[in-house]
Amino acid sequence: MSHSHPLPSLGEFTRLLTAIANIHDDEEGRKYDVVVSLFDQMRNLFGVSSSPLLYTCNIVINCLSQSSRHPYSSFTFLGKMLKLGLEPDVFTFTSLINGFCCKDRVDDALGLFVKVVEMGFRPNVVTYTGLIHCLCKNRDVDHAVELFKRMESDGVRANVVTYNSLVSGFCDCGRLGDAALLLRDMRVKPNVITVTALIDGFVKAGKVFEAVELYNVMRKMSVEPNVFTYNSLINGFCMCGRLDEALRMFYLMEIKGCVPNIVTYTTLIHGFCKSKRVEDGVRLFNEMSRRGLAANTVTYTVFIQGYCLVGRPDVGEQMFKHMVSSHSACPDVRTYNVLLDGLCCNGKVEKALMIFEYMRKREMDVSIVTYTIVIQGMCKVGKVEDAFDLFCSLFTKGMKPNVVTYTTMITGFCRRGLIHEADALFRKMKEDGFLPNERVS
DNA sequence: TTAGGGTTAG
């Protein structure tokens with residue numbers, strides 16, 4: 001770098017660094033590289049004697065710990081900090097612990113937490129909340145509650161973010177009662193995220209009227225619902241086929257000044273498609289387009305499913321081709337799954353198998369759901385041997401069949417009268433730890 | 001001046 005121009009100050013450099021660190025970029029890796037290289041340039045320019053401020057290092061370390069490309073770079077950077085004579089603080093360690101949390105490495109996160117406490121640092125509400133959130137995401141809500149209690153006995157007060165993690169955690173594992181109690185007994189005012197988490201919990205459990213009741217309560221508590229809240233409620237009505245009520249909620253949100261987004265429309269379209277009212281879905285699609293909202297992958301996928309459901313796989317296929325050729329949205333595995341399943345259910349198994357071959361040639365990321373759909377299609381047209389070959393190949397690919405896969409294959413054998421094969425597979429399924437009537441999520 | 005939380009499709 002040439003020094004012919006006056007140098008920016010250390011403060012200006014740090015502001016730049018913070019700005020870059022906070023950019024939400026698709027190319028995460030590149031951003032982190034820029035941050036580290038900028039930090040190195042700062043050090044070269046200002047010299048080691050003018051030691052960079054601790055918070056500058058903390059910005060860098062936070063970037064590094066969230067980077068998935070270089071898993072240990074944050075610890076390498078910590079070493080660099082120590083060499084420069086900088087003492088890490090609670091911000092530094094919270095970022096490092098959170099780095100493990102981001103990668104779902106709860107045990108490493110907890111291990112580091114214990115070490116940091118042993119070193120005499122006092123974790124604060126952010127440190128605890130990061131761990132609680134990570135435990136909840138890993139469905140270990142009991143452990144999260146334990147940590148929550150420890151936090152309180154350490155004299156660290158939970159804030160709304162802590163409660164939000166726990167309420168969502170309870171909801172995610174179906175403990176709606178615990179979530180409701182926690183919401184009731186919170187020592188800080190809940191916000192829209194807290195209440196919406198429980199509303200969505202009710203919706204996912206099929207209890208849409210409890211969700212609506214909570215919606216009414218939240219307005220009395222002067223917690224203002226937002227687009228997330230309304231999308232959740234609309235989804236709740238759609239899920240149980242109450243489309244009129246879904247529409248009424250949709251109108252209500254507009255009256256309340258809440259602007260519907262692409263998720264709102266896609267949820268409604270999905271509701272109509274599932275109830276075989278694809279034309280009503282198209283009307284919503286047109287309205288959405290008039291408002292300048294562009295359909296995304298999910299919107300198209302919902303339509304493809306809808307058209308297949310009403311026996312028009314040709315239109316579904318057309319939409320699929322349109323999304324590819326117009327580059328308006330990129331089909332993902334789920335789009336392919338819906339198309340394959342739709343074709344199979346409409347007697348177009350051969351076509352589905354061709355698309356599946358194409359997917360394999362292109363080395364696309366196929367899921368166990370894709371395989372299950374194809375196995376089912378093969379069985380349907382009597383190609384039980386091909387289906388079983390594909391089933392067996394899963395193990396060498398490192399894929400695990402789930403209950404649906406097993407059930408599909410067993411049913412295929414049974415339909416052909418291959419009772420011994422079916423029985424053997426049934427036993428293998430139980431060996432793999434599946435109960436015959438287990439549901440898949 | 002630095003760290004933590006949410007919705008949609010099989």
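Reminder, nothing fancy here: chain letters follow the sequence lines and each chain counts from 1. Quick caveat: nothing in here was measured; it's all calculated off a predicted structure.
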Of the nucleotides [options], which has the atom closest to the [X] side chain?
| X | options | result |
| --- | --- | --- |
| N231(A) | dT8(B), dG10(B), dT7(B) | dT7(B) |
| T94(A) | dA3(B), dT7(B), dT2(B) | dA3(B) |
| T129(A) | dT2(B), dG10(B), dG4(B) | dG4(B) |
| T127(A) | dT8(B), dG10(B), dA3(B) | dA3(B) |
| N58(A) | dA9(B), dG4(B), dT2(B) | dT2(B) |

Between [X] ([atom1]) and [N] ([atom2]), how many Å, whole number?
| X | N | atom1 | atom2 | answer |
| --- | --- | --- | --- | --- |
| L183(A) | dG6(B) | CG | P | 17 Å |
| M239(A) | dT7(B) | CE | C1' | 13 Å |
| D89(A) | dA3(B) | CG | P | 12 Å |
| I193(A) | dG4(B) | CD1 | C1' | 11 Å |
| L166(A) | dG6(B) | CG | P | 13 Å |
| Y215(A) | dT7(B) | OH | C1' | 16 Å |
| I61(A) | dT2(B) | CD1 | P | 16 Å |
| L17(A) | dA3(B) | CG | P | 11 Å |

Under 4.0 Å between a side-chain nitrogen and a carboxylate oxygen: does that hold for [X] and [Y]?
| X | Y | result |
| --- | --- | --- |
| D244(A) | R248(A) | no |
| K80(A) | D40(A) | yes |
| D154(A) | K149(A) | no |
| E357(A) | R360(A) | yes |

Mind running a 4.0 Å heavy-atom check of [range] against DNA chain B and sending the residues that fall below it, in number order?
| range | value |
| --- | --- |
| residues 216-230 of chain A | N226(A), F228(A) |
| residues 132-161 of chain A | H133(A), K137(A), N159(A), V160(A), V161(A) |
| residues 307-326 of chain A | none |
| residues 339-360 of chain A | none |
| residues 95-107 of chain A | S95(A), N98(A) |

Less than 3.5 Å apart, any donor N or O on the side chain of [X] or [Y] sitting next to an acceptor on the other?
| X | Y | value |
| --- | --- | --- |
| N62(A) | Q66(A) | yes |
| T299(A) | N296(A) | yes |
| S95(A) | N98(A) | no |

Evaluate the ring planes of F75(A) and F100(A), with Trp represented by its six-membered ring, and classify them as parallel (under 30°), tilted (30 to 60°) or perpendicular (over 60°).
-> tilted
What are the two closest non-hydrogen atoms of R291(A) and P260(A), and how far apart are they?
-> NH1-CG, 3.2 Å
Of the non-hydrogen atoms in L343(A) and E317(A), which two are nearest, and what is the gap between them?
->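 Here L343(A) and E317(A) meet closest at CD2-OE1, 4.0 Å.
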Would you be so kind as to tabulate the donor-acceptor pairs closer than 3.5 Å made by side chains of residues 300-312 of chain A, with sequence neighbours excluded?
residue	atom	partner	partner atom	Å
Y300(A)	OH	S328(A)	OG	3.2
T301(A)	OG1	T297(A)	O	2.6
T301(A)	OG1	T335(A)	OG1	3.1

State whether K204(A) places a side-chain N or O below 4.0 Å from either non-bridging phosphate oxygen (OP1 or OP2) of dT8(B).
->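 Answer yes for this pair, as a side-chain N or O of K204(A) is under 4.0 Å from OP1 or OP2.
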Side-chain N or O of Q66(A) less than 4.0 angstrom from OP1 or OP2 on dA3(B)?
->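 No, because none of the side-chain N or O atoms of Q66(A) sits under 4.0 Å from OP1 or OP2 of dA3(B).
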Set of residues satisfying side-chain contact (heavy atoms from CB on, under 4.5 Å) with respect to [X], sequence neighbours excluded:
| X | answer |
| --- | --- |
| V263(A) | N231(A), N261(A), T267(A) |
| L293(A) | Y265(A), M288(A) |
| V125(A) | T129(A), V156(A), N159(A), T162(A) |

Who pairs with Y336(A) by side chain to side chain donor-acceptor pair (under 3.5 Å), at least two apart in sequence or on another chain?
-> none
N346(A) meets the side chain to side chain donor-acceptor pair (under 3.5 Å) criterion, sequence neighbours left out, with none
Pick base, sugar-phosphate or nothing for [X], based on heavy-atom distances below 4.0 Å to the nucleic acid.
| X | value |
| --- | --- |
| K274(A) | nothing |
| S168(A) | nothing |
| T299(A) | nothing |
| S232(A) | nothing |
| N296(A) | nothing |

Anything under 3.5 Å between a donor and an acceptor, one on a side chain of residues 179-187 of chain A, the other on a protein residue two or more places apart or in another chain? List them.
none

Answer with yes or no whether T301(A) presents, from its side chain, a donor or acceptor under 3.5 Å of a partner atom in the base of dG10(B).
-> no
Taking N and O atoms by type only, does the side chain of N337(A) place a donor or acceptor under 3.5 Å from a partner on the base of dA9(B)?
-> no
Stepwise side-chain hydrogen bond (donor to acceptor under 3.5 Å, both in side chains) check, T92(A) with D89(A) = CA-CA 5 Å; T92(A) 322; D89(A) 63 3; 2.8 Å; yes
